[in-house]
Chemist: 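Structure below; questions to follow.
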Protein chains: 2
Amino acid sequence: MGNVTGKPTVHDIARVAQVSLATVDRVLNARSGVRQKTIDKVNSAIRELGYVRDTSAANLARQRQYSFTFVLPEGPGQFVDAIRSELRAAYASQIADRVTLNIISVATADPHAVVRKLSSLDLDQMDGIALLVPETPQIRDIVARLKQAGIAVIALASDLPNSERDFFVGVDSVAAGRTSGLLMGKFAATEGEIMVVTNSMRARDSLERRLGFDQVLQASFPHLTVLPTIESFDDPDRMEDLVFGMLIRKPRLVGLYSMGSGNLPVLRALRRSARAAELSVIMHELTQPTRTGLLSNEIDAVIAQNVGHLVRSALRVLRNLSDGHPIFEPQERIRIEIVMRENLPHLT
Amino acid sequence: MGNVTGKPTVHDIARVAQVSLATVDRVLNARSGVRQKTIDKVNSAIRELGYVRDTSAANLARQRQYSFTFVLPEGPGQFVDAIRSELRAAYASQIADRVTLNIISVATADPHAVVRKLSSLDLDQMDGIALLVPETPQIRDIVARLKQAGIAVIALASDLPNSERDFFVGVDSVAAGRTSGLLMGKFAATEGEIMVVTNSMRARDSLERRLGFDQVLQASFPHLTVLPTIESFDDPDRMEDLVFGMLIRKPRLVGLYSMGSGNLPVLRALRRSARAAELSVIMHELTQPTRTGLLSNEIDAVIAQNVGHLVRSALRVLRNLSDGHPIFEPQERIRIEIVMRENLPHLT
DNA sequence: TCATAAATGAGGAACGTACCTCAAGCAATA
DNA sequence: TATTGCTTGAGGTACGTTCCTCATTTATGA
């Protein structure tokens with residue numbers, strides 16, 4: 001073979017296929033101007049030799065630089081903060097080799113602001129974009145425009161199913177809601193009512209979680225009655241008051257399901273009411289407040305997704321999309337994690 | 001900078017530190033024969049420039065080949081089969097770049113056979129080894145000998161805490177047992193008995209899972225009585241008969257906990273008894289039988305670990321150990337997964 | 001049959017690092 | 001001062017792939 005490792009190289013392919021190195025290169029990199037017959041010759045030589053491209057050498061020679069943009073909701077939010085933090089971590093590691101990241105924040109509540117911000121981006125320098133924004137007609141237009149410009153577009157954490165996005169990296173919210181429903185049904189054995197709270201049902205996630213939650217409870221746990229969703233609309237104090245009021249006024253409550261952000265005021269209300277022990281409490285997203293809640297037995301289970309995995313997955317998918325490579329789906333499927341006190345991952 | 005990407009290279013370091021390329025190389029690769037003063041100069045240039053080694057180029061130039069050996073229990077076993085399969089998958093992907101894998105099977109029940117097989121290995125060609133074997137005095141000796149030969153040694157899935165292994169990749173079995181206990185306590189609301197089964201309590205995993213399970217049930221769920229562990233000693237028929245007998249003879253049973261391999265005969269016994277609906281059933285390891293059991297509502301929850309993650313983690317750790325690089329612990333911590341019907345990962 | 005296009009070959013430079021050799025500079029010690 | 005050992009410099013080759021140019025051969029259609 002000539003080389004030290006014994007692994008076949010492009011030279012070996014050329015020799016076996018009886019073509020020149022240039023032709024091997026043309027076939028390997030899917031360049032035009034090669035007859036099908038020659039392509040086949042080269043490919044069978046590749047198979048025969050068991051050739052695998054040396055990615056190190058390829059990366060080095062290619063000098064490929066990926067420019068990816070992440071569009072995240074602005075303002076505080078522990079889930080988004082976790083994404084930011086994991087993006088930084090990935091950036092430092094080898095997973096983000098040869099990529100430059102551009103993280104921008106948008107006021108997702110205002111579709112026009114989102115459009116304005118996204119329209120001002122320089123598309124020439126951009127290879128791919130990950131969007132964590134609610135799906136609106138304007139967003140669909142933007143996605144179409146990005147695709148037109150040849151940019152890889154993925155939806156992050158929250159899908160944009162009616163747009164032309166290339167891929168969705170995240171969990172199925174309906175399934176997450178169904179998982180919560182199943183847990184709630186098994187935890188809350190006695191007849192009673194379930195309180196459901198979220199920040200806003202205008203968010204697709206909350207809608208879908210609620211949908212899944214109801215599906216399972218109706219189908220399998222008829223002894224439980226699910227109350228209408230309480231919404232806080234970004235007002236923590238309002239959330240705390242609403243939840244506290246319900247806890248006081250509803251003696252038949254046996255469960256509490258917090259579907260979105262704003263777990264902290266819910267927990268505060270729960271503490272004030274001193275009813276945590278008699279309720280089955282399920283929340284979404286593993287953050288400092290929910291960790292504490294699990295450890296203090298105020299929360300029975302947290303439904304979470306591994307944000308590190310989410311981010312690394314997004315980067316891998318963006319890279320594969322911009323290279324025109326296929327996506328290894330099983331690896332990019334984010335799991336719906338059930339976290340309880342005893343399987344809580346340690347910090348650091 | 002001279003290069004396209006704008007990233008600083010070794011040449012930039014040499015220029016800024018006012019030393020030659022050779023000296024930069026000596027410092028970067030910790031070669032001897034450089035004054036401390038010079039080392040400092042180079043290092044501050046590195047910091048100043050924000051230099052990061054181009055791993056692609058380094059790998060290419062180094063032509064480093066890792067030779068890793070995985071020692072797995074022989075014979076059938078769905079967990080071990082899954083490991084094999086994930087090893088093959090990893091081997092095909094970029095995670096196992098530049099590594100040659102050597103997978104050997106040993107009859108773990110016979111310590112002498114294990115010793116014989118491991119003693120016959122060629123240590124010269126070996127950079128690292130991953131062991132999935134029970135801890136015996138003989139194994140401890142072998143580990144010591146491997147370390148002496150400068151080989152990286154990790155325990156896979158099952159720890160060897162009293163040996164000189166460099167690292168353990170796997171989950172804390174006590175915590176896994178505690179998780180099962182917590183779930184069982186919450187699922188089985190009414191007073192009654194819990195049946196616990198495993199292949200053999202001589203396995204450390206089973207012992208520890210049982211320990212954790214009992215801890216939680218005793219501390220938090222006194223209404224449940226845990227029966228002595230039923231062991232099958234590698235005999236599926238015996239297992240099915242034993243479990244079926246218990247299901248018939250014990251009307252007060254409210255839960256069933258299967259701690260190890262041999263879930264299939266347990267499920268068969270459960271089916272024959274037609275008592276699945278009234279019992280809370282928790283099993284370990286996500287395999288075909290347990291998947292089916294979850295979907296048919298015979299199993300309430302499966303405690304699992306992500307075997308793909310386990311294997312990729314092992315490879316990363318072995319590589320870092322043989323390079324003398326630090327290990328990024330959070331990434332290598334395997335999670336204790338709770339899998340139920342609604343968050344069952346799809347197959348491919 | 002000739003003009004034209006398509007396909008292929010030959011060769012080389014570049015990517016950034018690792019690793020080697022040989023020579024030269026420097027310092028401390030006898 | 002001479003000798004020795006330590007430190008540094010200069011320059012090169014190699015890794016396997018990508019990508020480029022230019023020349024040459026082969027196939028295609030008028």
Side-chain angles (χ1 to χ4, degrees), chain A residues 1-43 45-46 49-66 94 97-98 322-325, chain B residues 1-43 45-46 49-66 94 97-98 322-325:
Chain A
M1 305 257 176
N3 58 347
V4 183
T5 65
K7 284 176 57 176
T9 72
V10 282
H11 295 87
D12 298 310
I13 302 177
R15 189 171 31 74
V16 171
Q18 308 202 64
V19 297
S20 71
L21 213 57
T23 299
V24 174
D25 178 67
R26 289 180 183 114
V27 174
L28 274 178
N29 295 290
R31 283 184 247 281
S32 61
V34 187
R35 269 185 311 173
Q36 188 56 48
K37 208 176 142 188
T38 314
I39 294 180
D40 295 341
K41 261 204 303 188
V42 171
N43 279 329
I46 288 175
L49 291 165
Y51 168 82
V52 280
R53 190 198 238 101
D54 184 318
T55 33
S56 290
N59 284 337
L60 179 60
R62 221 189 296 257
Q63 282 295 92
R64 179 79 156 97
Q65 277 291 106
Y66 304 87
Q94 74 284 10
D97 227 24
R98 293 173 199 287
S322 19
D323 284 346
H325 290 334
Chain B
M1 307 256 175
N3 58 348
V4 184
T5 65
K7 283 176 59 176
T9 72
V10 281
H11 295 87
D12 300 309
I13 302 176
R15 190 170 32 74
V16 171
Q18 308 201 63
V19 297
S20 72
L21 214 58
T23 299
V24 173
D25 178 67
R26 288 178 185 116
V27 174
L28 273 177
N29 296 292
R31 283 185 246 279
S32 60
V34 187
R35 271 185 309 174
Q36 187 57 46
K37 211 175 139 188
T38 314
I39 294 180
D40 295 342
K41 260 203 305 187
V42 173
N43 279 330
I46 288 174
L49 291 165
Y51 168 83
V52 280
R53 194 197 234 100
D54 184 319
T55 34
S56 289
N59 284 339
L60 179 60
R62 220 189 295 257
Q63 282 294 92
R64 178 78 157 99
Q65 276 291 108
Y66 304 87
Q94 74 283 9
D97 227 25
R98 306 192 128 76
S322 17
D323 283 346
H325 290 334

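Everything quoted here is computed from the prediction, not taken from an experiment. Lettering follows sequence order; numbering is per chain, from 1.
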Chemist: When the distance from CZ of B:Arg62 to P of C:dC20 is rounded to whole Å, what number comes out?
Modeler: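 The distance from CZ of B:Arg62 to P of C:dC20 comes to 12 Å, rounded to the nearest Å.
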
Chemist: Can you measure B:Gln36 atom CD to D:dC6 atom C1' for me and round it to whole angstrom units?
Modeler: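 My rounded result for the distance is 15 Å.
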
Chemist: Looking at side-chain heavy atoms only, is the closest gap between A:Val27 and A:Asn43 below 4.5 Å?
Modeler: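 Yes, their side chains come closer than 4.5 Å.
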
Chemist: Would B:Ile13 and B:Leu49 count as a side-chain contact (heavy atoms from CB on, under 4.5 Å) here? Give the steps.
Modeler: CA-CA 7 Å; B:Ile13 302 176; B:Leu49 291 165; 4.2 Å; yes

Chemist: Taking all heavy atoms of B:Val16 and all of B:Ala45, pick out the closest pair and write down the distance.
Modeler: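 It is CG1-CB, 3.8 Å.
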
Chemist: For a quick test of reading the model: is some side-chain N or O of A:Arg31 closer than 4.0 Å to OP1 or OP2 of D:dC19?
Modeler: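 Checking A:Arg31 against D:dC19: at least one side-chain N or O falls below 4.0 Å of OP1 or OP2.
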
Chemist: With nearest nucleotides of DNA chain C determined for B:Ala22 and B:Leu60 from heavy-atom distances, which residue corresponds to the more 5′ nucleotide?
Modeler: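 It is B:Leu60, whose closest nucleotide lies nearer the 5' terminus.
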
Chemist: May I have the distance from B:Arg15 (atom CZ) to D:dT8 (atom P), rounded to whole angstrom?
Modeler: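 One finds 20 Å between P of D:dT8 and CZ of B:Arg15, rounded.
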
Chemist: Whole Å only: how far is the CG atom of A:Asp54 from the C1' atom of C:dG16?
Modeler: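 So the two atoms are 14 Å apart, to the nearest Å.
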
Chemist: Within this structure, what is the OH-to-C1' distance between B:Tyr51 and C:dG16, rounded to whole angstrom?
Modeler: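 Result: 7 Å.
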
Chemist: Any idea which of C:dA18, C:dT8, C:dC15 is nearest the A:Ala61 side chain?
Modeler: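 My answer, after comparing the listed nucleotides, is C:dC15.
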
Chemist: Looking across every strand, which nucleic acid part, if any, lies under 4.0 Å from B:Arg26 by heavy atom: base, sugar-phosphate, or nothing?
Modeler: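 B:Arg26: base contact, heavy atoms under 4.0 Å.
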
Chemist: Need to verify one output field. Residue with the more 5' nearest nucleotide on DNA chain C, A:Thr23 or B:Val52?
Modeler: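 Result of the comparison: A:Thr23.
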
Chemist: Rounded to the Å, how far apart are B:Asp40 CG and D:dT8 P?
Modeler: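 Between P of D:dT8 and CG of B:Asp40: 11 Å.
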
Chemist: Which part of the nucleic acid, if any, lies within contact of A:Gln18, taking any heavy atom under 4.0 Å across all strands shown: a base, the sugar-phosphate backbone alone, or nothing?
Modeler: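 Since only primed, P, OP1 and OP2 atoms lie under 4.0 Å of A:Gln18, the category is sugar-phosphate.
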
Chemist: Identify whether the distance between the nearest side-chain nitrogen and carboxylate oxygen of B:Arg15 and B:Asp12 falls below 4.0 Å.
Modeler: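 Looking at B:Asp12 together with B:Arg15, the answer is yes, because their closest N to O distance falls below 4.0 Å.
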
Chemist: Over all strands shown, is B:Asp25 touching base, sugar-phosphate only, or nothing at heavy-atom distances under 4.0 angstrom?
Modeler: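 Answer is base: heavy atoms of B:Asp25 come under 4.0 Å of a base.
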
Chemist: Classify the nucleic acid contact of B:Asn59 as base, sugar-phosphate or nothing, counting any heavy atom under 4.0 Å across all strands shown.
Modeler: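 It contacts nothing in the nucleic acid.
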
Chemist: Do A:Arg64 and A:Asn59 have side chains that approach each other closer than 4.5 Å (heavy atoms only, starting at C-beta)?
Modeler: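 SC-SC contact between A:Arg64 and A:Asn59 ruled out.
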
Chemist: Nearest 0.5 Å, what's the CZ-CG distance between B:Arg35 and B:Asp40?
Modeler: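 Reported value, rounded in 0.5 Å steps: 11.0 Å.
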
Chemist: What is the distance, to the nearest angstrom, from the CG atom on A:Asp323 to the P atom on D:dT17?
Modeler: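 Value for this atom pair: 17 Å.
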
Chemist: Grab the N/O contacts between the protein and nucleotides 27-29 of chain C below 3.5 Å, and write none if there aren't any.
Modeler:
none

Chemist: So, is A:Gln63 near the phosphate of C:dG16, with a side-chain N or O under 4.0 Å from OP1 or OP2?
Modeler: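 True: A:Gln63 side-chain N/O within range (under 4.0 Å) of C:dG16 OP1/OP2.
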
Chemist: Among A:Leu28, A:Asn29, A:Val24, A:Thr23, find the residue that satisfies the side-chain contact (heavy atoms from CB on, under 4.5 Å) test when tested with A:Arg26.
Modeler: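 One option only clears the test, and that one is A:Thr23.
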
Chemist: Can you tell me how far P of C:dG16 sits from CG of B:Asp12, to the nearest Å?
Modeler: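 B:Asp12 atom CG is separated from C:dG16 atom P by 9 Å.
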
Chemist: Check every atom of C:dG16, C:dG9, C:dT8 against the side chain of A:Val19 and return the nucleotide holding the closest atom.
Modeler: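 Between C:dG16, C:dG9, C:dT8, the one nearest the side chain of A:Val19 would be C:dG9.
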
Chemist: Is any side-chain N or O of B:Ser20 closer than 4.0 Å to OP1 or OP2 of D:dA10?
Modeler: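 No.
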
Chemist: Give the minimum heavy-atom separation between B:Arg98 and A:Ser56, together with the two atoms involved.
Modeler: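 That would be NH1-OG, 3.3 Å.
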
